[in-house]
Amino acid sequence: MTFVVPIGPQHPALKEPEFFRFEVRGEEIVDVDIHLGYAHRGIEEAFSRRNYKHNIYLSERICGICNVVHSTTYCQAVEQLAGVEPPERAKYIRAIIMELERIHSHLLWLGIAAHQIGFNTLFMLAWRDREYVMDLREMISGGRVHSATNTIGGVRRDVKIEHVPTFLRGLEKLEQSTNYYINLFKSDRTILARCTNLGVLSKEDAIKFCTVGPTARASGLKTDIRRDDPYGAYDALSFDVAIERDGDVWAKGMVRLREILESIQIVRQALKEMPGGPIRIRVGLQIPPNETIERTEAPRGELLYYIRSNGTEIPERVRVRTPTYGNFASMKSMFVGGTIAEIPIVIWGIDPCFACNDRVTLVDSRTGKTRIASFDELRRWRK
Amino acid sequence: MHSNEVATLVKKHVDDIRIVDDRCLFATSDKQRLENILRALRVQKVTHISAITGVDTGNVVEVIYHFDCQPAELNLKIPLPKDDLKIPTITEIFPGAIMYERDLMEMLGVKVEGHPDPRRLFLPDDWPEGEYPLRKEWREKSK
Amino acid sequence: MMEVVNFVINSLIFPGLLFASLVGLLYVGIDRKVTGHMQHRIGPPIWQEYLDMGKLLSKEDITPGPAQSLVFNTVPLIALGAIVAVMLFLPITSAQPALTSVADLIVIIYMLNIPAICIMLGGYSSGSPFGASGAGRYVVQLLSYEFVFILAIIAVVARVGSLSLGTVVGYQVQQGWLVLDWRLLPAAIAALIAAQGKLLRVPFDIPEAESEIVHGALTEYSGPKLAIWRLAYDIETIVVAGLLAALFFGGPTAYVIGGTQIPGVVDFLVKTLAIVLFTTTLRNIMARLRIDQALKFYWSFAALLAIISLVLVLAVP
């Protein structure tokens, strides 16, 4: 006999509202169904009602964690539409902030992953180190999380020469603690017991379901937009693409930890090789009819923007495909055959960043039936 | 494959090709020839579909498939007139497109024929039938 | 008459409910503070548990619809009663507990299981999938640690030749701590591991793993009923620590330092605190195991330790 375990929309294992309906037999998962849409804000439609300038800030608010990569992708796409090239220095500053964002996102992942397997000490330590990154970001952009640095045609704030020594010290500290976490990840027996051989995504399935980012790289797929389709300053920067072969949660964690080290190297390199010159050029907002796509490597994988302009200040259509959206199709093959205890860490394994809205699923515990309550129904109950 | 290689590959199935640069190209075709293109891409080991975009241009809904051909990105446009909004599913050849096709169905009302799981994805279950939020008509109405 | 008054004082004030709750809450508060420092946080003040208790007790008492039953409402009280009763069987001021019987170790083992069974009943009767899942896991966990715990106690009993805790403590006054006896060292380690599981601490906090099944069997409890559960849990912490102290670490001993008489209760408090802090350290350096891994660990490694000890005690006089 199977019974239904609802995970979400509100559940301690999920940091954002999303609903997973697991059918389990004893502790074993036999089926999973994912309901999206709890935080759907109609961003794509909102894009086509604002002008290009306002949209920078809208794109930054799609995701709290990876906001810079969203605004960078958007700005690069609009620059392509307008046929302008941002100054070299701006490209390097963008790369620095995007890499800092990747470090902070991966440390955040590490902390929550540790919490999901009940290792709260590691959770607190990882988030303590994340503070260093936030401080560095605040120093160069003025914002700890939302940097608001990007603009069409460049960036708004320069990296000052007196910031560089502080920067290098901060990176030094981060490198030390990341190496420590890598050692811990390789040697701690409870971590190994909880993370190896579960949520396995085979290389064939990773290809079949078009997974992106660290999830794909952990299954042995060497994909990284920074290397495959270089944008901004990444053409000039050298780095390795971290891949693991096992496809389990441990491999996904290891890929992310090694990417932190790569990102630290990229930031150092960018600080050293950054050319002088202006940081932005002015771009008129009347953009001729055109269309373009822009792809970047967000911390969670490939991020795609498609923009079509129509000669006015307002875009005709903006399509955003976030990396988590690309990874959902592969989730079923990670869960089926696993146990309830694995659910939180396997969900977190793809580093989901949910975006989407308005409904609640209720489980009637006497009959075991689920039903969906609409927003109107909820409003009636409140009265 | 780079842009010109992709262009040679799909040339006989498409009407016009616009090569933007070495790693990006746009092509327009129709739904009868869609499967031929997919098969041709598949033979060349193109496995990754980045996204499916739907654009309402007035009387026509353009469905744009974004294929990652490593490194070139092929953007394949299929214009569909609004009185015949039907397109065959591509999930048999590209299973990763399952979510994008559900998105396309609910947001623009394009009927994807043969889709294995044609439920709503983002919109609530009590969303009225026949209302598609990314259509031009809907925008006029909701202003 | 005197006996009745004595019994009431014993069970309600010292070493019963009042003393046990004050010390139990304080120790869990210390545990939380130490945990905070280990994790590079400031942590809550050590009296935080008292504040939490006050907050929970002052809240509205809500019972969810599917959980409306006598079982759901009474099990917290039964658990608290059982755990306070064990307090009376523990040697706290001297080798002599407040209540004695010929074979009080057997009574203690039984009484210590009542809270666990109460948690399961509460979980199953709460009508929530998380409660049922937590209770199911608790059954498995009970099956794993209890065997090891009992084996370790049997090893001690075989060595001392008595089922009375008072005699065990008396034996240690003359012969030295049992943990220093090489035959019983493995049993002591096994008992500490079992205690980690009994107290639901990482890596064995599986039945209440918050990121997987919310709060396990206690998910549907709130307000005053949850407060009673918390109190029972906090007292269980000190009871288990006190039992280990009496079995392996000499129990409460009165000392004379520089002419002043230090009562045995001080020794009891120091030893239990040391054991609680040991479990705190363990829980902060590990990740949670899965239930099957925990079962395997207990039945292989921990059980082996206890069996080795028992064989040594029986074979080597």
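In what follows, every chain begins at residue 1, and chains take the letters A, B, ... in the order their sequences are listed.
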Option that, when pairs with chain A are counted at under 4.5 Å, heavy atom only, ranks first among B:Ser50, B:Ala97, B:Pro133, B:Pro71 | B:Ser50

Would you mind checking which part of A:Asn327 comes under 4.5 Å of any heavy atom in chain B, side chain (CB onward), backbone (N, CA, C, O), both or neither?
-> neither

Quick check: are there more than 12 heavy atoms from other residues, nucleotides or ligands sitting under 6.0 Å from CZ of A:Arg245?
-> no

Using a heavy-atom cutoff of under 4.5 Å, enumerate the residues of residues 22-29 of chain B that contact chain A, numbered in order, or state 'none'.
-> B:Arg23, B:Cys24, B:Phe26

B:Glu92, CD atom: more than 12 neighbouring heavy atoms under 6.0 Å = no

Please determine, by modelled atom types, if A:Glu291 and A:Ser309 share a side-chain donor-acceptor pair under 3.5 angstrom.
-> no

For chain A, the option from B:Thr57, B:Val20, B:Ile49 that forms the most heavy-atom pairs under 4.5 Å | B:Ile49

Using non-hydrogen atoms and a 4.5 Å limit, figure out which bit of A:Thr223 sits close to chain B: side chain, backbone, both or neither.
-> side chain

Parallel, tilted or perpendicular: which describes the rings of A:Phe328 and A:Phe20, with under 30° parallel and over 60° perpendicular?
-> tilted

Closest non-hydrogen contact found for B:Asp68 with B:Val46 is O-CG1, 3.6 Å

Is it the side chain or the backbone of A:Arg227 that comes within 4.5 Å of chain B heavy atoms, both, or neither?
-> neither

Partner chain B: residue of A:Ile207, A:Asp228, A:Ile293, A:Leu304 with the largest heavy-atom pair count (under 4.5 Å) | A:Ile293

Between A:Lys252 and A:Met334, which heavy-atom pair has the shortest distance, and what is it?
-> NZ-SD, 3.4 Å

By a 4.5 Å heavy-atom criterion (distance strictly below it), what part of B:Glu62 contacts chain A: side chain, backbone, both, or neither?
-> side chain

Counting heavy-atom pairs under 4.5 angstrom with chain A, the leader among B:Asp117, B:Ile98, B:Asp56, B:Asp103 is B:Asp103

Of all the heavy-atom pairs spanning B:Asn4 and B:Thr8, show the shortest one and how long it is.
-> O-OG1, 2.5 Å

Can you say whether B:Ile64 sits under 4.5 Å from chain A via the side chain, the backbone, both, or neither, judging by heavy atoms?
-> side chain

Using non-hydrogen atoms and a 4.5 Å limit, figure out which bit of A:Asn290 sits close to chain B: side chain, backbone, both or neither.
-> side chain

State whether A:Phe47 and A:Arg317 meet the cation-pi test: NZ (Lys) or CZ (Arg) under 6.0 Å from the six-membered ring centroid, and within 45° of the perpendicular axis.
-> no

Is the backbone N or O of B:Lys86 less than 3.5 Å from a side-chain atom of B:Lys31, with the two atoms forming a donor-acceptor pair by type?
-> yes

Does a donor on one side chain and an acceptor on the other come within less than 3.5 Å for B:His115 and B:Thr91?
-> no

Please work out whether the ring planes of B:Phe94 and B:Phe67 are parallel, tilted or perpendicular, with thresholds of 30° and 60°.
-> tilted

Please flag which part of A:Gln80 lies under 4.5 Å from any non-hydrogen atom of chain B: side chain, backbone, both or neither.
-> neither

Around B:Lys82, counting heavy atoms of other residues, nucleotides and ligands shown, do more than 12 lie under 6.0 Å from its NZ?
-> yes

Okay, B:Lys45 and chain A: the region with an atom under 4.5 Å from a heavy atom over there is neither

